[in-house]
Amino acid sequence: MDRKEQELGADLWFPLPVLLYLLTLQMLTRSPAAPISPAEPIRQAYSLALYMQKNTSTLLQTYLEYQGSPFSDPGFSAPELQLSSLPPAAVSFKTWHALEDGERLGRAQEAFLALTQHLQLVGDDQIDLNPDSPILLAQLGGARLRSQGLLGNMAAIMTALGLPIPPEEDTLGLVPFEASAFERKCRGYIVTREYGHWTDRAVRDLALLKAKYPI
Amino acid sequence: MDMYFTSRRPLWMVDSKIMKARSDFQWLFSSVLLLYLMNQVNSQKKGVPHDLTCTTSNLNLWDCSWKAPSGHGARYEVCIDNRFICYQLAKTNMKIPALARGDHEITINAQHDFRSSTSKFTLNEENVSLIPDTPEILNLSAEFSTSTLHIKWNDKGSIFPHHSNAIWQIKILRKKRMEIVTIVTHNTTLNGKDTVHEWSWTSDIPLECVTHFVSIRCYIEDLHFSGHKEWSRWSPVKNISWSSGSQPKVFPQDKVILVGSNITFCCVIQEQVLSALIGNEQCPLIHLDGENVAIKIYNISISQSSGTNVVFTTDNNMVGTVVFAGYPPDSPQELSCETHDLKEIICTWNPGRVTGLLGPRNTSYTLHESFSGKKTAFKRTDEPTNESYQLLFQLIPNQEIYNFTLNAQNPLGQSEATILVNITQRVYPHTPTSFKVKDTNSTAVTLSWDLLGSFAKINLLCQIEINKSNSEQELRNITVEGLENSTYLVTLDKLNPYTNYTFRIRCASETFWKWSNWTIEKQHLTIEAIPSKGPDTWREWSSDGKNLIIYWKPLPINEANGRILSYNVSCSLDEKTQSLSEIPDRQHKAEIQLDKNDYIISVVAKNSAGSSPPSKIPSMEIPNDDLKIEKAVGVGRGISLTWNYDPNMTCDYVIKWCNSSGPRPCLMDWKKVPSNRTEAVIESDEFQPGVRYHFFLYGCRNRGYQLLRSVIGYIEELAPIVAPNFTVEDTSADSIIVKWEDIPVEELRGFLRGYLFYFGKGERGTSKMRGLESGPSDVKVKNITDLSQKTLRIADLQGKTSYHLVLRAYTSGGIGPEKSMYVVTKENSVGLIIAILIPVAVAVIVGVVTSILCYRKREWIKETFYPDIPNPENCKALQFQKSVCEGSSALKTLEMNPCTPNNVEVLETRSTVPKIEDTEIISPVAQHPEDGSEAEPENHVVVSYCPPIIEEEIANPAVDEAGGTSQVIYIDVQSMYQPQAKPEEEQESDSGGGSGYKPQMHLPITSPVEDLTADDDLDKTTGYRPQANVNTWNLVSPDSPRSTDSNSEIVSFGSPCSINSRQFLIPPKDEDSPKSSGGGWSFTNFFQNKPND
């Protein structure tokens, strides 16, 4: 927990939701003995997820716009492209609904952890491919930071619910660095697409939790 | 085989020796051989060896073979050159050392089954073929990234006895079907040693996508060999293929190519490719081995930042690659190097054409200095902009000349630009800092500033901008010795004391390259100095003559040299000086009680730095009796005064002036003029047009001022603003005496030039005088230029007439407003009497004479103006009128319905009274007095009137007659209006004959008995019957009689019924009517007029 706090504190230019989260996190860590209600962190995580949801399509759109045709063609979609290092967000409703809170949060956390690292990778790729596009780079950076923020929020919820926080995994270690430019573009597309899907899923996850733990 | 080779050489050597020994027997041998050959030819037909052919692959050994009948155990003895060398062989080929040039006899003796047959051949080198050994590809390798094949092979040159050229053909094949892509020729030289050759070939299709095969053959071109040369056989093919994984891939990957070039992309894939796109353009597929496909792109265009995508799509996948099409770097343009501080050189350039390549493919720049051998690389910032291409290069101690080469490189190529600079001549200093100003004295300051940089070896040129308030900007250049990061000091002199200055500074090297930026501005007020002059002084005696008032003007700022604190006024008489108290600033006059002695007054101005030199003025005024007041008018904004040179005037002239209407002592301002001048232009902002000023010119002689001239003047003359006040002194029947007053000087606004006096007939309230100036009317003007004249007598006027008098004053500035007055002249009684009497007398005389003349000549008048008119009764032409009037109602006169007054008149007079006028008018009536009673003609006459509504009468002629009697009933005072009945009534009256005048409304009171006469009446009444008094008509219109004669309706027509009727109805001369009816119609008129005469 302390390590995570330091890690997050390093990024001083967090957007507002992330700052809010940090404040909450600070309060939570300072009084570990006090009984913690999960409602507040759920609410914060939920509002952050909603905020993220508003930007996901813009991010994907901006990303595709900078990759050239056919990526930038209107209506571009390549669902067949997948990344093995990213867990897919698609899940059957039945399975999803039957998930335990801990498992649900755990999967989301796992996904956002992978997304955070992948967004960093995509950002690096785009520095090579589109060095003159500060807008795209800023949006990718923003998405990464928000994912980190959401990760923190989820950790807080899990703490509040008394669930074990899954260990951080280095998913990026599996990513092929020697990818061609085309593979990088595709990879970026998958990451930004999955970021949107996972954000949508996170909103639903948190909405469910929010209903379960009202303030 | 090897064995044969070993025995061959000794034999060859023996053979040559024997040949020499037996040369003597050659002739004999030849003849025997010829016989032998003849036998051989015969024996060939029986299956002897034949078709000897020889080839060589290395020029040393010949490989000969022949054909022979097959059979086991056959042995051959081959002898060369008449058994010089012989070989025993069991096969039909052999290798022999290369023979010398020329023909050689080969004898082959075949022994088979105890039979022998011999064949002879002649062998020459020319018949031998050179076929090199089949070459072998030692190594075939591929560089997939560049799609290049590398082929290595050995030329085996060691087996050839001498140098010769080798030609190699390399065949490239592609696909499993081995389609030939190309055959390339490659030349080498064989140099007697085995050499491995290497050759590369770049494929247009990436090597990964399709298997490539290579084969090679050669051809030796040996100049020493005269035989036939042939290509070797093709070497065995070698192939290159790419072992792909199961993942589909597209090649080439991430390739950077030049814009406009052609490129082929291919896809290694296991499933069927449906389409291929470059960007968003579809491309036709080229099918390769398996499912692999390729596309070819021609003339590729420049890529966007992230490259151009090439995508192959299958049913459920998409694979692709990115190609970066761009340009090699342009030569760096406008490369320029300079230094700010002689520590670091900054080189800047413009990259030129955009390469279209970014990120790791972007152009890298390296700056290399050739003398020192040092270099530095350009580091791209996070946000590169085209303008910020610059590199820093550390200055090398003791090196002034630098030869820079800027190298630009990207994956497509490189370019460079060079510049040779003497860095001491490329100094663009930083902006000086810590700029300060310090006082040195009242006219000098010290400027100091810091300048970073190692300028110890050069001089600096600095420019100081000096701004003085309300003054022009001044620039001063100074040169200072350069220092090492130090403060520079400069003294700036020739400044004015107590003046606010603004300074700023910039610097450059003495060998000028560029100015630095200006420092920020520094304001500085220089310190005070003593006033440079005493104040400008004047004195006036007070009006009572007891006190002397001393005036002085404040010193201008450039003479005050500081803030004036006070003034000291002192007066001295014969070395005795009496000082008055200090007078603070702001007060610029002092009053001293003095006697009439000749004092010298001196005034001194003081500021914090000290006192000014005194300005002195004598108190005495030298009288001048010969003085007259002159006039002057200004030119422009001032007044010019001139005077004659007077050598007596030793000091200066003073012109003082004041508003002439101001209080005394009169002083507005003064001006001093040097004694050598004879003119002065007085200008002042206080001068106003139209105000009279008084100017006094004083000359200074010895110890006193003397008034030389006194001038009144205007800066600009204006028109008077008031009119002169004037009154009428006296009035007679034909003259007026006017008197006026002067206009006050303030309202005159100029020198009076005269008056304008206007007079003319006119009464109050009329606007006649408006056109005083313009109208040429009867307004008279008198210009009075004699200014002393104050009265004016206006003569030759009409009596009892209103006159309008106007007086205006004028100056050179214009004419003033007018003052006007109305005066009525007195009546002239004599004239009036005469005016009445004369017309009366004339009128009487004319009347009398006329009467006499008329009386005497009355017969002639009558004949002339009223001749007898023939009786129309006698005129045959008029008789048709009767029938016309009977048949047609058109002959009836106009009926006017609303003639109500008629009714009244008719009732009163019945048949007698109203007819008189009618009879007079209608000429036929006048002839009928004899025909019947007096009443009858009246009846006839009336009938002639025809109402205007004719149509109704025409419609019912019978009814008219029938209703004739009944109409009588309508004659009633009360029946005022019967529009429908009226025409019938008239018809009635026509038929029954009228008795005298019958109003048109209700004529027929006459009995039906009178119908008999009606016909006659009709005859008569067909003529016109006017209803009006014809007499009056005649007076007005002499044409009327003729009109009536013509019987036309037009005559009755015009006269409205009511008027005519009134004339008829109130006839004043009823008694005359019978007489008149007897006379003609025109005559009657005349007759009626006559009594008036």
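So you know, we letter chains A, B, ... as the sequences are listed, proteins then strands, and number each from 1.
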Between CZ on residue A/R184 and CG on residue B/D254, distance to nearest 0.5 Å: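 Answer rounded to 0.5 Å: 7.0 Å.
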Distance, nearest 0.5 Å, that separates NZ of B/K255 from OG of A/S180: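 Here the rounded value is 14.5 Å.
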Leading residue by heavy atom contact count with chain B [cutoff under 4.5 Å; candidates A/K185, A/Q126, A/Q67]: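 Highest number of pairs under 4.5 Å: A/K185.
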Short question: side chain of [X], backbone of [Y] - any donor-acceptor pair under 3.5 Å?
| X | Y | value |
| --- | --- | --- |
| B/N309 | A/S69 | yes |
| B/S306 | A/Y66 | yes |
| B/S305 | A/L129 | yes |

Residue pair B/K249 / A/F182, side-chain heavy-atom distance below 4.5 Å: no
Student check: side-chain heavy atoms of B/N280 and A/P70 closer than 4.5 Å: no
Are more than 12 heavy atoms from other residues, nucleotides or ligands located less than 6.0 Å from atom [atom1] of [X]?
| X | atom1 | answer |
| --- | --- | --- |
| B/K296 | NZ | yes |
| A/I135 | CD1 | no |
| B/Q333 | CD | yes |
| B/Y298 | OH | no |
| B/K176 | NZ | no |
| B/Q282 | CD | yes |

Residues in salt bridge (charged side-chain N to carboxylate O under 4.0 Å, His left out) contact with B/K375, at least two apart in sequence or another chain: none
Segment of B/V310 engaging chain A (4.5 angstrom heavy-atom cut-off):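 The backbone, not the side chain.
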Contacts of residues 75-82 of chain A with chain B (heavy atom under 4.5 Å):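 Answer by number: A/F76, A/A78, A/E80, A/L81.
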Interchain contact, A/D128 with chain B, by part (heavy-atom threshold 4.5 Å): both
